Each structure stands twice: as C-alpha cells, then as structure tokens.
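Structure record follows, encoded as structure tokens.
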Amino acid sequence: MLREPLYQGLQDLGLRGMAREFDKQTKTPDLQSLTFDERLGFLIDHERTERMSYRLAQRLRWAKLPQNAAIEDLDHRAGRGLDRGLWARLIDLGWIQQNLNVLICGPTGVGKSYIACALGHAACRQDISVRYLRLPRLVEELVKAEALHRKGAFFKTLAKARLLVIDDFGLAPLADQTKRDLLEILEDRYEKASTIITSQIPVEKWHAYIDEPTLADAILDRVVHNAHRINLTGDSMRKRRAQA
C-alpha cells in the first residue's frame with residue numbers, strides 16, 4: 001500500500017497523532033531500520049501523547065483558571081505559614097477522590113488564588129474536571145441564569161465538576177437569594193465532589209458574614225466539617241514583588 005493512502009487513512013480514523021508520526025517516519029531514513037513492532041510502538045506512543053495533550057487543553061478551557069499556576073512553582077520560602085505536611089497531602093489529590101474540600105484563608109495578596117489555581121491545574125493534569133469562578137462572577141451567572149430560566153441547568157453544570165473553585169468568598173454582602181443558591185450548589189456537591197473556597201475572612205467569621213443563622217448553619221455544615229484548612233499569613237506577595 002502506498003504511503004499517502006496510509007497517511008490519509010489514519011487521518012480519516014481520527015488518529016492524527018499516529019498520522020503525524022507516520023509521516024515523520026517516512027521522512028527519517030534512520031527509522032527505516034527499526035522493526036515493525038518498534039515503529040508501531042512509536043506510532044501508539046505519539047497518539048497517546050497527542051490525546052492526553054488534547055484532553056488537558058479541553059479540561060483547562062472548561063476550568064477557566066485565571067492563572068497558569070503550577071504546584072511545582074510554589075515558593076515555600078515566602079513565609080506565609082503554609083504547612084509543608086498539609087501541602088504534600090493536598091498535591092497528592094487524594095482528597096478529591098474522598099470528596100473533601102479545601103478552605104484557603106488569609107489577607108489579600110498572600111497567594112490564596114494562586115494556590116487554588118495550582119491545585120486546579122494539577123487536577124486538570126490528572127483528567128479531573130475543574131471549574132473556577134470568583135464569587136462575584138458566580139453571582140452574575142446566577143442572576144443571568146435566573147433571567148433566562150436556566151438556573152436548574154446551571155446548577156447541574158456546576159455539579160458535574162469534580163472540583164469547583166470559588167474564589168474571593170466574602171468580598172461583598174450576599175443577597176438572600178444568593179445565599180439560597182449557594183446552599184443549593186454546595187448541597188449538590190456534599191459528599192459527591194470537592195470544593196475549594198478562598199477568602200480574606202477567617203472561617204470562624206463566615207457564619208457572621210452570611211448573616212442568616214439557618215442558612216449559615218446549612219451552608220457551613222456542607223463545606224467546613226469535611227475540609228482541609230490553609231491559613232496564610234504575611235505581607236502581600238504583590239507588594240513584595242513591586243518592592244523587589
């Protein structure tokens with residue numbers, strides 16, 4: 001069989017990684033000396049790598065993480081009070097399989113969002129579905145969904161994410177409807193999926209922030225008691241970089 005029909009056949013079957021590797025092999029004289037099994041192995045490895053890269057790109061697009069953060073790049077020398085033992089457990093991502101949550105609190109600029117995005121990026125690399133939303137944007141999406149009579153569908157979309165990141169919790173007072181919507185979102189996830197929440201407000205003050213005892217009890221019961229907590233301290237990392 002001629003090379004061009006073989007190449008086109010791989011393309012038609014959606015094996016584009018194999019097609020590219022096959023084209024490379026036909027143009028590399030040294031590869032002609034390899035056995036059939038060796039050349040086939042190269043084709044399969046290239047296709048597997050291509051599919052993993054494509055799937056990761058899809059996960060990242062859907063996650064909408066605002067920072068290209070990586071757990072390998074986290075600076076432990078910054079003196080933020082990040083416990084190394086806890087961090088080692090978190091980057092293992094076993095807590096996602098156990099449907100546990102992570103609560104990250106600390107003053108502005110200490111890296112709460114970066115840590116949340118780094119964990120989200122690591123989850124994407126493990127083929128785990130992730131969705132990121134700042135709380136103000138989540139409120140906007142809820143209002144939009146309500147206007148379009150699509151709130152139920154929006155809840156289902158969020159529930160499908162194995163890891164939901166809610167950033168900047170506590171920046172502004174919550175409307176009563178938003179509190180009830182937040183309860184619905186967390187109820188859908190309770191013991192079924194994991195949630196990361198970042199906030200400048202300590203967890204101990206979340207009840208007062210929600211400012212409605214019954215809803216506060218219900219919301220916190222679904223997110224706090226089965227969560228790892230990271231309490232960051234120190235000066236703003238942005239301020240440090242600006243001074244440097």
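Quick caveat: nothing in here was measured; it's all calculated off a predicted structure.
Contact between Ala116 and Val165 at its shortest, heavy atoms only, is CB-CG1, 3.9 Å. Of all the heavy atoms in Ala193 and Asn101, the pair that sits closest is O-OD1, 4.1 Å. Nearest heavy-atom pair across Gly120 and Val130 is O-CG2, 3.6 Å. Residue Ala227 comes nearest to Val102 through the heavy atom pair CB-N, 4.5 Å, listed as atom of the first residue, atom of the second, then distance. Closest non-hydrogen pair, Gly170 versus Ile201, comes out as O-CD1, 3.6 Å. Of all the heavy atoms in Trp87 and Ile71, the pair that sits closest is CZ2-CG2, 3.8 Å.
Of the charged side-chain nitrogens involved, at least one lies within less than 4.0 Å of a carboxylate oxygen, so that Glu72 and Arg125 count as a salt-bridged pair. Arg222 and Glu187 are joined by a salt bridge, as a carboxylate oxygen and a charged side-chain nitrogen come within less than 4.0 angstrom of each other. Between Lys151 and Asp181, at least one side-chain nitrogen of the basic residue sits less than 4.0 Å from a carboxylate oxygen of the acidic one, meeting the salt-bridge criterion. The pair Asp176-Lys179 meets the salt-bridge criterion, with a side-chain N (NZ, NE, NH1 or NH2) lying under 4.0 Å from an Asp/Glu carboxylate O. With respect to Asp167 and Arg134, no salt bridge is recorded, no charged nitrogen being found less than 4.0 Å from a carboxylate O.
At a cut-off of 3.5 Å, with distance as the only test, no side-chain donor of Gln58 or Arg55 sits close to an acceptor on the other residue. Residues Thr195 and Arg189 bring a donor and an acceptor atom of their side chains to less than 3.5 Å of each other. Between the side chains of Asn99 and Ser194, no donor N or O sits under 3.5 Å from an acceptor N or O.
Both Leu164 and Ile219 belong to a single network of hydrophobic side chains, linked directly or stepwise wherever heavy atoms of I, L, V, M, F, W or Y lie under 4.5 Å apart.
Side-chain contact between His228 and Leu103 is absent, with no heavy atoms from C-beta onward closer than 4.5 Å. Side-chain contact between Leu183 and Leu215: present, with at least one pair of heavy atoms (C-beta onward) separated by less than 4.5 Å. Counting heavy atoms from C-beta on, the side chains of Phe169 and Leu182 come closer than 4.5 Å. Inter-residue side-chain proximity for Val223 and Tyr190 is flagged as unmet; no heavy-atom pair is nearer than 4.5 Å. Inter-residue side-chain proximity for Trp95 and Arg89 is flagged as unmet; no heavy-atom pair is nearer than 4.5 Å. The shortest distance between side-chain heavy atoms of Gln200 and Leu171 falls below 4.5 Å. Contact of the Val203 side chain with the Ile197 side chain is not registered, since no non-hydrogen atoms from C-beta on lie closer than 4.5 Å. Residues Leu119 and Ile196 meet the side-chain proximity criterion, which asks for heavy atoms closer than 4.5 Å.
The distance from atom OG of Ser199 to atom NZ of Lys205, rounded to the nearest 0.5 Å, is 11.0 Å. Phe154 CZ to Glu146 CD: the interatomic distance, rounded to the nearest 0.5 Å, is 12.0 Å.
Side-chain atoms of Gln67 never come within 3.5 Å of backbone atoms of Ala69 as a donor-acceptor pair (strictly under, hydrogens ignored).
Surrounding CZ of Arg150 are at most 12 heavy atoms belonging to other residues, nucleotides or ligands under 6.0 Å away. Summarising the local packing, OH of Tyr209 is surrounded by more than 12 heavy atoms from other residues, nucleotides or ligands at distances under 6.0 Å.
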>> Pair Leu138, Leu135 - check side-chain contact (heavy atoms from CB on, under 4.5 Å), show working.
In response: CA-CA 5 Å; Leu138 174 59; Leu135 184 60; 4.0 Å; yes
